[in-house]
Each structure stands twice: as structure tokens, then as C-alpha cells.
Amino acid sequence: MPARPDLSETPDPVLIIRQRFSDAIASAFPEHAGADPLVAASKNPKFGDFQCNAAMSLSKLVGKPPREVAKAIVSAVRLDDLAEPLGEASIAGPGFINVMLRTDALGRLLSGLSTKDMGLTVAPGEVRTIVVDLCGVNLAKQMHVGHIRSTVIGDTLARVLERRGHRVIRQNHVGDWGLPIAMVTSRVIALRDAGKMNLDTITLDDLDRAYKGAKIACDADRRGLEAARKWHMGPKALAELEEQVAGAEEEDRAARRVLSLLQNHDAATVAVWQRLSDVTMAACLEACRMLNADVRPEHSAGESSYADALAPLVDDLEKRGIAEVSDGALVIRLEDVGIREPVIVRKRDGAFLYATTDMAAIRHRVRNLRADRVVYCVDARQSLHFAQVFAGCVKAGYADRPGGGRTQLDHAGFGTILGEDGKPFKTRTGESVKLADLLNEAFERAMGELTKRSSELDAAEQATIARATATAAIRYTDLAIERTKDYVFNLDAMVKFEGDTGPYLLYALARIRSIFRKAASQGLSVPTLDAGAAFAPAAPAEKALALALLRYPGAVLDVERTLEPHRLCGMIYDLANAFSVFFDQCPVLAAPDEAMRRSRLLLCALTERVLGDALGVLGIPTVERM
RNA sequence: GGUCCCGUAGCUCAGUUGGAUCAGAGCGUCGCGCUUCGAACGCGAAGGCCGCAGGUUCGAGCCCUGCCGGGACUACCA
């Protein structure tokens, strides 16, 4: 009897067929029982639906010609419940074994995918606690394009892991501490005291200006003075600059006083800082809402929340000899793990650095949040920093889980968003572009595209759809590119409705939903999607659609493993494409007979569910019509 | 100097564990298809030294070495 149970365990044919070939290899070549069966979907339909490539690699190990090995595998493998009978003709070329799924098996696999779970959820014993570090806004600074990636990719990875059934803790590591923040706070206090700023009505733009002003006041002039001396500028210019530098030094002293007050929890100073935080976070959460990113106030875990942990942490490192003094600074040496640059945890002047904060954050996440895995969704340019911090934490034992074992630390770094000139995206004047402006612009353009095409929608619905479309456009563009690569930001290409875009996916889904509306209006019932659903894919387009659907669980697994959402994007683009061909070639409501209509309606229903589920995992909102 | 990433069609990019007719998609260009479920679609054509040169092997866009070209990072900013 053929083994059938695994057919009910997963709807993913690759997993089942891989298992069957693995069993076959174990039985035909017991001494190589562990060999990888090398099963994959065939790239060319000519060669069947799936293939096993193990014969070639095994032939060397067993010392037999590959075709002979293939023959032995073919006669040992049990696939008769799934595939057309294998035989001599199934072995092709140097020893490829081609597998053609039986139509009824394809139908059963589709039924298996028709459950709510879709074979996506891990077993109860495999549930992990996973911290996802995302968004990473900075106090008193406007969000810019760079934040799109951390927010969108981080949110998507969190959604994927949640869909797998893991316990996910999002952490927005807000840059809300340190001298730069003290500088702004100091400046805001000065402006308020001079009657030039009202804290009650202050906006993020005001804070952004204050931040830039403070930064310029504190360090630019000093560099200017050095340059002036170097280039032998006239005494008058020098005198002017020196005056500015004196001002800068005064400003710097004030900032340090404020920093000290903040560190000592001075109520009046903290109140001002809190106001800066509130204004910043309100804007941040609004941007996240427009990006459909699940980032809430309770996800905020700013640098300030680790402030009091830094001194004890550094003491601990020093006492245990993990860190040592070098040139007056306290550092952890990492040459032994292949990193030449040591990580500095305390500067010569006694101040701590962002590496110190990150180590405190990891320790907290491992010990208090009980993370089994921490995923950092942060710019790839910080890879050295994270390599250092991770290595430092491992060395210090901060990555050791309370329950034993070590927490998996991943830096899911992403590339830079570039402008048309190939350099990091900026305005002509060198300013970074406000994220809020960009999102509004995307919405306006989506609205324009929409009004060109559909006129019968009322204004309110049109706005809702335009918002979803703009979000789909931005998120899909960002997610579909390989994570680590830079890409050129092009709003026109993103909000285009044709081709490999977010809106195309929404369109495919809207067309399916339109079929259901039409069916309802004709009094036709859509058969229920459950494990007993009777699929009968017959036409090539139906079969292609079925195979595209069955790739979904594997694609989600891939993203969990690699933290690369573009794999799922590619899969659902193929799915939407397969549906479009099916839609073109296979009439659903006007199918030639009742059985075919039911089967096709089921295919539509399953496509709707898979596409909808995938878009949900990608954080892309869907619409009923557009 | 050191470490790492990237070079694939005119443009923007996929290519999974090395697998076959594997040279792929989208955009753009040129054709074709709506009296039948949404043409925001589908089908077809044109377009290529997969940066270059070696190597590994049954098999290389993928792995190794060197070179050329572009980029990022590189001890007291975050």
C-alpha cells in the first residue's frame, strides 16, 4: 500500500515528493540513506511537474552509472497515489527523474490547501519567541525614505513569523537619548524661555528645524574655524568665526547640562523631552498607519529605556574581563572571532555609545523578553556594527537564554533607497525628503490613475481604494526587490498599474471578487472551501494555476528561514499571472457544464484565499473593487 | 590598506541546493486578441559574450582564484 498519511499533513507537493524519494534512496541505497533527494519543481513543463536530481550525485558515491542509479530509485519510490506511473521513460538526460502529478492527486492537494491553516503553522512545540526590531525613528527628526524599508520589511517579517504561529514582539528602537537629543531639548527650552516657541502647539517640523539648528550651532562652526585657520583667512573673518565658536561652545555646555538633568530624571527637563517624544511619535505612528505597518505605542522601546542599565552593564563587562581599557576607552576585542575592529562600549570621556545601548537591548530581549531569535531590520551599512555587537554579546554571555541554548541574532540588513542620480535619495538642495510628503504624493498619483480608469465609484470609496493602492505600490516595490540591494526610488514606476506591481496584485484579487459578486447576482452559489472541496483541474491553465497555488506554504517557509520577503513576492506575482491566464482561457460562470463550473469556482475561491492571505502577510491592504 | 556587497536585454530587476531546450520577467518598442466573468489583462516578435580570464565536474549565471568596473563600511557620532 502506498503511504498516504503525509498527503494529509502538508499541502506542499515538494515536501511530500522529497520525502518519498528520500525513502526510496534509503531503501535502494541503505548506506546513503541521508542523501539529499534534490527534489524541486520542474522549470520547464515539458519535463513534468517535479523532478528528482539525486541520481547524478549519488552515482559517484555508489560507483554506478547515473541512469542505473535512477532506475533503482524509480523502482523503489512509491508515488502511485500522487503521480503518473514512473518508468524508463521518466528518466531523462543524464539521470533526471521526472514526475507528473495525477490530476486527482492535484485535486486532493488543493483540498489540503483549502483549510484555514494552509499547512503554515508550526507545531506547538516549535513556537519561538521572536523579537523584531523595526522602524527606528529618531526624536525630533522627520521620517524620511530610509524609514520605509525598516518599517515595511520589519513589519512584513513580523507578519510572516506571526503567520507561522510564533510569538512575535515588535520593538521600535527609538533614537531618543544621548547628546544630540539633549542638544535639541536644550535648544527648545531656550527658545521657549525666549518666548519664541510654544510647546503646546509645536510640530515635528519645528523640532526638525531646532534639531538642525542645534547641530549646526554645536559643531559646524568649529570645523569652519579650523578650516579658516588652515586656509589663512583674514583676521576679520576669523574674529567673526571665533565669536560663533564661542557661541557653539556655550550651546554645547548647555546641552551637556540638559543631558545631565535628563539622566538624573529632573522633572521639568523630562517634561520637555516627553513633549518632543510625543510629537515625534504621533507623526511616526501616522506614517506607519499610512504604510499599513503594525507599529503601536506599546512597541516603543527607545534608547532612553536602557539608559540606567548602561553603567552596570559596562561595569559587568569590565569586572569579568570581557572588556579592557585601550587608549582610555573601554573596548571588547574581537580579533579572535575575525573582526579586526574592537567594539567600544565606553569612550575615553566616560560616555557610553550606541553599541553599549544595543548590547543592553539584546541582554534585555534575551533575559526579560525571553527571545529565541532577534531580528534587526536595520540599514545594511550597519552590518559591521551589528557583527560587533552580536559578537560582544555572545562573548559576554548576553545571548545565552535563561532556559539554555543561545538566542539566534540576525541582522536583516537592507540596501539604500537611491535617487535618479544613483546617490542616496535627496532633494536637489540636499535635504532628505519627508516621508509624509512622499506618501501623500503616492496617494495623489494613485488617485489620478484610478479616476482615469473607473468612474462609477463614489468619492469616498475612491479615496479608500487610492489609499490601499498607494500603500500596495510602495510596500510591494520595497518588498519585491532583494532585501540587501539598493534601489532607485521612482514613484512613477511604483504607482503604475501595469506589470509586476502592487496594484496588479490588487487588480487580480478584485477580478476574482467580481466573479463572486456576479455569481451571487445570478443566484449561483460558490462551493465551500474546505478540506473536502472537490477540485478537478483539467485545462493547462487550471493545472498551472493549481501548481502556483501549491507553492504558497513553501514560499512562506522560505521567508521565515531567509528573512527575504522578495521570495514570497515573486511567488504571488507568478500566482496572479497564472490566474490572469486562467481567467483569459477558462470561463468560470459560463463553463460548459456544472461540474466544471463548480471546480473553477473552487479554484477562484482558493486563489482568492491564498492571494489574500499572502497580501495580508505582506501587509498589503486589499479592496473589493477598484 | 583591510572587510563586505554588486556587475544578467535599451531601462529596472528575478534566477532557490550547481541541473536539462536556461538566457528569464516587468517597463519601453512593434504586432495580435474584447457581441462571453474587469483589456489595470492575455498572446506573439525584436532585444544577450550572464563584467573579463582561468579553474573545479557528468553539468557553472550560481562554487574557487585572479583581474577590471561601481558601491558601502572601516576605534571613541547615532
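Among the protein residues, Asp327(A) comes within range of the nucleic acid bases, having at least one heavy atom under 4.0 Å from a base atom. Base contact: Val39(A) has a heavy atom under 4.0 Å from a base atom. Residue Glu482(A) is classed as a sugar-phosphate contact, given heavy-atom separations below 4.0 Å to backbone atoms only. Using a 4.0 Å heavy-atom cutoff across all strands shown, Arg348(A) reaches at least one base atom of the nucleic acid. No engagement by Ser42(A) is indicated, since no non-hydrogen atom pair under 4.0 Å with the nucleic acid exists. In this structure, Ile481(A) reaches the sugar-phosphate backbone alone: every heavy-atom distance under 4.0 Å involves primed, P, OP1 or OP2 atoms, never a base. Looking at heavy-atom distances under 4.0 Å, Cys52(A) makes no contact with the nucleic acid at all. Contact annotation for Pro587(A): base contact, defined as any heavy-atom pair under 4.0 Å involving a base atom. Heavy atoms of Val581(A) sit under 4.0 angstrom from primed sugar atoms or phosphate atoms, though from no base atom. At the heavy-atom level, Phe583(A) lies under 4.0 Å from base atoms of the strands shown. Residue Ala519(A) is out of contact with every strand shown, counting any heavy-atom pair closer than 4.0 Å. Note on Val343(A): nothing from the nucleic acid sits closer than 4.0 angstrom, heavy atoms only.
When the P atom of C77(B) is taken as reference, atom CE of Met183(A) falls 13 Å away, rounded to whole Å. Here the P atom of nucleotide U36(B) and the CD atom of Gln522(A) are 14 Å apart, to the nearest Å. Computed from coordinates, the Asn490(A) CG to C11(B) P distance equals 15 Å when rounded to whole Å. Put simply, OH on Tyr487(A) is 18 Å from C1' on C5(B), counting in whole angstrom units. Counting to the nearest Å, the P atom of G18(B) and the CE atom of Met56(A) are 13 Å from each other. Atom CZ in Phe579(A) sits about 15 Å away from atom P in A40(B), given to the nearest Å. Atom CZ of Phe425(A) is separated from atom P of U12(B) by 16 Å (rounded to the nearest Å). Distance OH (Tyr354(A)) to C1' (A78(B)): 7 Å, rounded to an integer number of Å.
Because its NZ or CZ atom is both nearer than 6.0 Å to the ring centre of Phe583(A) and within 45° of the ring axis, Arg511(A) counts as a cation-pi partner of that residue.
Side-chain proximity of Glu303(A) to C22(B), A78(B), C13(B): nearest is A78(B). The nucleotide whose nearest atom lies closest to any side-chain atom of Asn98(A) is, among C13(B), A20(B), G38(B), A20(B). Closest to the side chain of Arg511(A), from the set C41(B), G1(B), A40(B), is C41(B). Each of U74(B), A40(B), C58(B) was ranked by its minimum atom distance to the side chain of Glu341(A); first place goes to U74(B). Checked against G1(B), G38(B), U16(B), the side chain of Arg340(A) finds its nearest nucleotide in G1(B). Closest to the side chain of Lys485(A), out of C6(B), A75(B), U21(B), is C6(B). Distances from the side chain of Arg567(A) to the nucleotides A78(B), G19(B), U16(B) place U16(B) closest. Ranking A20(B), C73(B), A40(B) by closeness to the Leu384(A) side chain, first place goes to C73(B). Comparing G2(B), A20(B), G42(B) by their closest approach to the side chain of Asp584(A) singles out G42(B). Residue Pro94(A) has its side chain nearest to C58(B) when only G1(B), G7(B), C58(B) are considered.
Dashed line: the shortest gap from a side-chain N or O of His566(A) to OP1 or OP2 of C13(B) is not under 4.0 Å. Contact annotation: Lys60(A) side-chain N/O to G59(B) OP1/OP2 distance is not under 4.0 Å. Look at Ser580(A) and you won't find any side-chain N or O under 4.0 angstrom from OP1 or OP2 of C41(B). Checking the phosphate oxygens (OP1, OP2) of A20(B), no side-chain nitrogen or oxygen of Asn53(A) falls inside 4.0 Å.
A donor-acceptor contact under 3.5 Å is not formed by the side chain of Asp574(A) with the base of A14(B). Between the side chain of Arg18(A) and the base of U17(B), a donor-acceptor pair under 3.5 Å is found. With hydrogens and angles ignored, no donor-acceptor pair under 3.5 angstrom links the side chain of Ser383(A) to the base of A72(B).
Stacking annotation: Tyr507(A) is not stacked on the base of G38(B) (requires ring centroids less than 5.5 angstrom apart and an interplanar angle below 30 degrees). Ring stacking is absent between Tyr504(A) and A40(B), as the pair misses the limits of under 5.5 Å between centres and under 30 degrees between planes.
Taking the nucleotide of RNA chain B with the nearest heavy atom to each of Leu353(A) and Lys496(A), the more 5' of the two is matched to Lys496(A). Sequence order on RNA chain B of the closest nucleotides to Ser514(A) and Arg346(A) puts Ser514(A) first from the 5' end.
The gap from the C1' atom of C27(B) to that of A40(B) amounts to 15 Å, rounded to the nearest Å. Across the C1' atoms, G31(B) and G70(B) are found 38 Å apart, a figure rounded to whole Å. The separation of G69(B) from G55(B), taken at their C1' atoms, amounts to 22 Å, rounded to a whole angstrom.
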Could you give me the CA-CA distance, side-chain angles and deciding distance for Phe579(A) and Tyr507(A), then say whether ring pair (Phe, Tyr, Trp, His ring centres under 6.0 Å) is met? CA-CA 11 Å; Phe579(A) 177 77; Tyr507(A) 178 68; 9.9 Å; no

Set out, in order, the CA-CA distance, both residues' side-chain angles and the distance that settles side chain to side chain donor-acceptor pair (under 3.5 Å) for Ser304(A) and Asp176(A), then state yes or no. CA-CA 6 Å; Ser304(A) 60; Asp176(A) 63 357; 2.7 Å; yes

Stepwise side chain to side chain donor-acceptor pair (under 3.5 Å) check, Thr562(A) with Arg483(A): CA-CA 10 Å; Thr562(A) 63; Arg483(A) 202 195 63 219; over 6 Å; no

With ring pair (Phe, Tyr, Trp, His ring centres under 6.0 Å) as the criterion, how do Phe47(A) and Phe96(A) come out once you've worked through the C-alpha distance, each side chain's angles and the decisive distance to 0.1 Å? CA-CA 9 Å; Phe47(A) 303 121; Phe96(A) 298 101; 7.7 Å; no

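Using a cut-off of 4.0 Å between Lys/Arg side-chain N and Asp/Glu carboxylate O, Glu88(A) and Lys71(A) are scored as salt-bridged. Arg453(A) has a carboxylate O that lies under 4.0 Å from a charged side-chain N of Glu449(A), or vice versa, which qualifies the two as a salt bridge. The residues Arg18(A) and Asp36(A) are annotated as not salt-bridged, no charged nitrogen and carboxylate oxygen being separated by less than 4.0 angstrom. Salt bridge present: Arg551(A) and Asp574(A) bring a charged side-chain N and a carboxylate O closer than 4.0 Å.
Side chain of Asn98(A) to main chain of Gln51(A): no donor-acceptor pair is present (N/O by atom type, distance under 3.5 Å, no hydrogens or angles). A distance-only check finds a donor-acceptor pair linking the side chain of Asp458(A) to the backbone of Glu461(A) [under 3.5 Å].
For RNA chain B, runs of at least 3 consecutive pairs of the Watson-Crick or G-U wobble type, with both hydrogen-bonding distances under 3.5 angstrom, map to B:1-7 with B:68-74, B:10-13 with B:24-27, B:29-33 with B:41-45, B:51-55 with B:63-67.
Rounding to the nearest 0.5 angstrom, the gap separating the CG atom in Leu568(A) from the CD atom in Glu560(A) is 13.0 Å.
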